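Report on the following structure.
Lettering follows sequence order; numbering is per chain, from 1. As the structure is a prediction and not an experimental result, all values here were calculated from the model.
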2 protein chains.
Amino acid sequence: MSVRVGHRAGKDVSGRDFTAVGRALAAPVRSTVLNLLIDGSSRPAGELARAAGVRPSTASEHLAALVDAGFVVAEPRGRQRFFRLADARVADALETLGELCPPAPVVSLRQSREQARLARARLCYDHLAGRLGVAVTDAMVGRGWLGDGLVVTSAGRTGLVDRGVDVDAAGSGRRPLTRACPDWTERREHLAGALGAAVAGRFLAAGWVARRGSTRGLAVTEAGLVALADEWGVPADLLDVPC
Amino acid sequence: MSVRVGHRAGKDVSGRDFTAVGRALAAPVRSTVLNLLIDGSSRPAGELARAAGVRPSTASEHLAALVDAGFVVAEPRGRQRFFRLADARVADALETLGELCPPAPVVSLRQSREQARLARARLCYDHLAGRLGVAVTDAMVGRGWLGDGLVVTSAGRTGLVDRGVDVDAAGSGRRPLTRACPDWTERREHLAGALGAAVAGRFLAAGWVARRGSTRGLAVTEAGLVALADEWGVPADLLDVPC
DNA sequence: GAAACGCTTCGGCGGCGGCCGAAACGTCGT
DNA sequence: ACGACGTTTCGGCCGCCGCCGAAGCGTTTC
């Protein structure tokens, strides 16, 4: 018989227990679900089950596990339940973690028009992404608003407040003010974090961009093109050039 | 019979495959190991096995898995292998992920005190390590006893012999007289090799340090503090500053 | 009401993965 | 050359977890 002496001596000295979060990510179905929800969308269990290629019963168990782990939250809506990421920090963590697992599965070529639209402008969870996100970030860096590591300079703070972005409110929470979010359509990183969300919120509130349907895709309005050029220093043609 | 219709419909639309990274985090032993290494330290497999409370064979498997997942890298050093985090991004990801799992395992005060003691003074195989080892090595270098590559100078030979270290006996064997041993708690290297063992032996024989129990931890005695300051040029407070 | 629909819970089955001890391998010290 | 030591590899055992179909529950529709 084995000795099993181990568990007496072994015990975490400090730090975090990554076991639960690891288990939550360990199953292919759950990974697929998270990828589907990482854009901030909210989807019913059945759709997630179909997308992941499992029976509703199996998906239900996986979704329960994700809820239990704090990754997603469920919201009853009629006779179905919609699931979405629980928190912006979850999206942040998944993006950061994505850096460690470069193997990105292939993408279906079918919806190429939709792909192209998404590549132009979209929301990545709650901040601007696509060429729009990169262009806005680049402009902010070019003007000296963002320094090394995307830290906000004093000039950046002034410029952003002038354009209606509440930098103080964004920096008040526990969420990191700025983060570099790597993009899968662009080579470049773009602004994420609390400030990224605040900028995106300003763009939506001002009517510079509009959500297209229930997707995460964004349409840049006429007023948005003007504002981008005049206030943000982003020429309109930048959004059309595929870089 | 089951239908297995699933895998036709199921396919990742885009994004990352979190499965591998999740599996790597899913085991308690691996979580413990990562917590031990998250400070950038480099530790041999046996120590990690003991800390995690498993047999060396089991730890070896877990470490191989972590290496395979790209979380840690192994570095052969003598007859043991040292492991450390592979990359700064790994530490970043773990830190970000830690936000998601606030349940921080209990900190055993007992063990954290032991950690502090080990960081202060211990034996690394058979030579002095911890802050004591680094401080003694630094003092010897500062006095010109050890030159480039930690070779013993004539002044060093004299000084060591005067303090009861039998340099000749240490140099008589086939074992290298001096070696630089990288430390995991300190940034600096410290003296190892035959001379390192001889110095440690002198410290023990003179009662300047004493083994605490059967561990490799060392306690610096009152006489040791005096001798360190007077004979070796190591002020006592150097051992208490956490560098 | 009754039927349709969406989701969850419950057994049951199969496979993966963690744990150990024994043995092999390489290095270090005598 | 030999023994000691740290690490890895290899079977074998056991438990956990993911998958399914069937059944149960709540909501919507007729």
Member of Arg81(A), Gln80(A), Arg84(A) meeting the side chain to side chain contact (heavy atoms under 4.5 Å, CB included) criterion with Glu75(A):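 When side chain to side chain contact (heavy atoms under 4.5 Å, CB included) is applied between Glu75(A) and each of Arg81(A), Gln80(A), Arg84(A), only Arg84(A) qualifies.
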
Nearest whole angstrom, please: distance from the [atom2] of [N] to the [atom1] of [X].
X        : N       : atom1 : atom2 : value
Arg23(B) : dG15(C) : CZ    : P     : 16 Å
Arg77(B) : dC28(C) : CZ    : C1'   : 16 Å
Glu75(B) : dG6(D)  : CD    : P     : 18 Å
Asp68(B) : dT8(D)  : CG    : P     : 14 Å

Donor-acceptor under 3.5 Å (Arg16(B) side chain, Ser31(A) main chain): no

Asp68(B) (side chain) donor-acceptor with Ala64(B) (main chain) under 3.5 angstrom: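 Such a contact is absent between Asp68(B) side chain and Ala64(B) backbone.
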
Residue-phosphate contact under 4.0 Å: Arg55(A) side-chain N/O, dC19(D) OP1/OP2: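 Checking Arg55(A) against dC19(D): no side-chain N or O falls below 4.0 Å of OP1 or OP2.
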
B/S/- contact track for nucleotides 3-10 of chain C, protein heavy atom under 4.0 Å: -BBSSBBB

pair Leu150(B)-Val141(B): side-chain heavy atoms closer than 4.5 Å: yes

CG on Leu25(B) to CZ on Phe71(B), rounded to 0.5 Å: 4.5 Å

With sequence neighbours excluded, residues passing side chain to side chain contact (heavy atoms under 4.5 Å, CB included) with Arg163(B): Arg143(B), Trp145(B), Glu231(B), Trp232(B)

